[in-house]
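These notes concern the structure reproduced below.
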Amino acid sequence: MNAPTPVAALAPTVKLLIGGKFVESKTKEWRDVVNPATQEVLARVPFATQDEIEAAIASGKEAFKTWKKTAIGTRARIFLKYQQLIRENMAELAALLTAEQGKTLPDAEGDVFRGLEVVEHAASIGNLQLGELANNVAGGVDTYTLLQPLGVCAGITPFNFPAMIPLWMFPMAIATGNTFVLKPSEQDPMVTMRLVELALEAGIPPGVLNVVHGGEMAVNALCDHPDIKAVSFVGSTKVGTHVYNRATLAGKRAQCMMGAKNHAIILPDANKDQTLNALAGAAFGAAGQRCMALSVVVLVGEAQKWIPELVEKTKTLKVNAGTEAGTDVGPLISCAALSRVEGLIERGIAEGAKLELDGRKPTVAGFEKGNFVGPTIFSGVKPGMAIYDQEVFGPVLAIVAADDLDQAIEFINANPNGNGTAIFTQSGAAARKFQEDIDVGQVGINLPIPVPVPLFSFTGSRASKLGDLGPYGKQVVMFYTQTKTVTARWFDDSTTSHGVNTTISLK
Ligand code: NAD
């Protein structure tokens, strides 16, 4: 008799997308996609072979020959259709996302929606990709620019926004005339693949969008391959720094959005109720697994007395599976993430921070195997403690104290990260001073998670970002195109002849 087939072997396999076809990988290396609330194996994801990665890039290179010549209006209309398809499938996409990632269903819809906004933006590519023209820069001479696509571009995405971040990347790359190879997170690739299916349904031609799965080997192959012209990465600082160095050394453009430690300053004149609501939502939403999560609160002066109320408000948050109505805080992505976060909480206690609220090992009826840790709050946190120095990426809030606004700004500017920050105050003068003096790329004023809409670009800074140009908005049009400058003169019979000109000047 045969040995019983393990459950994982029965789970469906996630496919590669090469040349417009969803294909089964021939690899021998597979990893389970696991529901973080139940440990159920939902699917198996392949780590693509070198040949498969090569085939995906070759397919993008071939498709580029025709895609780059496809009219801009035709490209735009595909994204008009695509945004409609995403809207029509929103509930299914959110359910898939919650099953494999863990976040609550409403937050999963938010994840899809923030990506959908970029798709809508891609539909206006006709306006975004306009060049410049200067008329008559010398006698009968005009100069104008063409924003031309680069070729095959690659995207590497993290687990925490498996809808939004792939949608930051391939729609704008493809709308600007490039072809694309996407490498989603191996931890939750299923909703990404459903979005990719919808993109093909919207009319993206074979080979224009390709998908490979895997880890380090796949990422290195994309960074090294001479036919990949640009690499977009979102993920941890360690991996992003590696990707940036490797891709730029190979002569490519690279943009890497990386880890964070986002601080909020609370001045005593802030609206207390609104502020405490905002802090609890931004620190513990998505179980703290957002690159823009608020993980440090700097309480200034009298605002230090607000800790008990923040703790009481936080205690009302409900920890449960993301599928359950009324859940505020879902599970962490993996068992490994759970033990890492629990370990950091233990270190926080050992290193002398005051544990104001302990979220470890919550009881979650019906989901006893889930990777849950409840909201946790430390006060008296200082640089040098692991819970301050590291990105916890879990529902753990560190509180520090400052005497005044100047001291609070200095404290934040001394932290190496620069993804996001916020101030809560009723003083316009204080808010303006903060926006001018803070050395962080995205600033919120009475708004805890200041992720810009796609009319603007995502502008994290310092250790949170490598590369000048950010995702979406105007910056990404520059990232995914090269500017060609044309200087032109047309002669007719009335054009005066100046004879041979051996100087550099235009006459
Ligand atoms: P990660 O760096 O572990 O993984 C990101 C991608 O890199 C994945 O596709 C993964 O397969 C790949 N990868 C992992 N290890 C690799 C290696 N050794 N070599 C090459 N590739 C490798 O990040 P994650 O845990 O999936 O995501 C969480 C991190 O992403 C957090 O640090 C978070 O702050 C950051 N993040 C940043 C932003 C931003 O915009 N700044 C947005 C979302 C997430």
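Computed from heavy atoms alone, side chains included, the values below leave out hydrogens, waters and symmetry copies. Read the numbers this way: they start at 1 and go in the same order the structure lists the ligands and their atoms.
- Of the protein's non-hydrogen atoms, Cys291 CB, 3.5 Å is the one closest to atom 36 (N) of ligand 1.
- For ligand 1, the polar-atom distance check finds an N/O of Gly235 within less than 3.5 Å of one of the ligand's N/O atoms.
- The distance from ligand 1 to the heavy atoms of Asn160 drops below 4.0 Å at these ligand atoms: 43 (C), 44 (C).
- Distances shorter than 4.0 angstrom occur between a heavy atom of Gly214 and an atom of ligand 1.
- Under the 3.5 Å distance criterion, with hydrogens and angles disregarded, no donor-acceptor pair is assigned to the side chains of Thr27 and Glu52.
- Atom 13 (N) of ligand 1 has its closest protein heavy atom at Val239 CG1, 3.8 Å.
- For the pair Thr237 and ligand 1, no heavy-atom separation below 4.0 Å is found.
- From the protein, the heavy atom lying nearest to atom 32 (O) of ligand 1 is Glu391 OE1, 2.6 Å.
- Atom numbering of ligand 1 starts at 1 in the shown order; those under 4.0 Å from a heavy atom of Glu186 are 10 (C), 11 (O).
- Partners of Asp389 by salt bridge (Lys or Arg N to Asp or Glu O under 4.0 Å), not counting sequence neighbours: none found.
- Distances shorter than 4.0 angstrom do not occur between any heavy atom of Phe161 and any atom of ligand 1.
- Judged by distance alone, with hydrogens and angles left aside, the side-chain atoms of Thr421 form no donor-acceptor pair with the main-chain N or O of Ala264 at under 3.5 Å.
- Near Gly259, meaning under 4.0 Å from any of its heavy atoms, are these atoms of ligand 1: 32 (O), 34 (O).
- With respect to Arg253 and Asp468, no salt bridge is recorded, no charged nitrogen being found less than 4.0 Å from a carboxylate O.
- Here the side chain of Gln39 pairs no donor or acceptor atom with the backbone of Gly370 at under 3.5 angstrom.
- Annotation for ligand 1: atoms under 4.0 Å from non-hydrogen atoms of Lys183 are 8 (C), 9 (O), 10 (C), 11 (O).
- Here the heavy atom of the protein found nearest to atom 26 (O) of ligand 1 is Phe159 N, 3.0 Å.
- At under 3.5 Å, a nitrogen or oxygen of Thr157, whether backbone or side chain, sits near a nitrogen or oxygen of ligand 1.
- Scanning all protein heavy atoms for the shortest distance to atom 41 (N) of ligand 1 gives Met258 O, 2.8 Å.
- With salt bridges taken as basic N to acidic carboxylate O contacts below 4.0 Å, none links Asp32 and Arg44.
- For atom 2 (O) of ligand 1, the nearest protein heavy atom (residue, atom name, distance) is Ser236 OG, 2.6 Å.
- Near Asn419, meaning under 4.0 Å from any of its heavy atoms, are these atoms of ligand 1: 41 (N).
- When only non-hydrogen protein atoms are considered, atom 12 (C) of ligand 1 lies nearest to Val219 CG2, 4.2 Å.
- If you number the atoms of ligand 1 from 1 as listed, the ones under 4.0 Å from a heavy atom of Ile165 come out as 42 (C), 43 (C).
- Set against the non-hydrogen atoms of Phe393, the atoms of ligand 1 under 4.0 Å away are 28 (C), 31 (C), 33 (C), 34 (O).
- Taking a cut-off of under 4.0 Å to the non-hydrogen atoms of Trp168, the atoms of ligand 1 that pass are 40 (O).
- Side-chain contact, Asn417 with His263: no donor N or O sits under 3.5 Å from an acceptor N or O.
- Surrounding CZ of Phe456 are at most 12 heavy atoms belonging to other residues, nucleotides or ligands under 6.0 Å away.
- Geometric assessment of Lys229 against the ring of Phe64 yields a negative cation-pi assignment under the 6.0 Å and 45° thresholds.
- Residue Glu92 places its CD atom among more than 12 non-hydrogen atoms of other residues, nucleotides or ligands, all under 6.0 Å distant.
- Among protein heavy atoms, atom 19 (N) of ligand 1 sits closest to Glu216 CG, 3.4 Å.
- Between the side chains of His225 and Glu54, at least one donor N or O sits under 3.5 Å from an acceptor N or O.
- Side-chain contact annotation: Tyr480 with Ser232, donor-acceptor N/O pair under 3.5 Å present.
- Within a 6.0 Å sphere centred on NZ of Lys313, heavy atoms belonging to other residues, nucleotides or ligands number more than 12.
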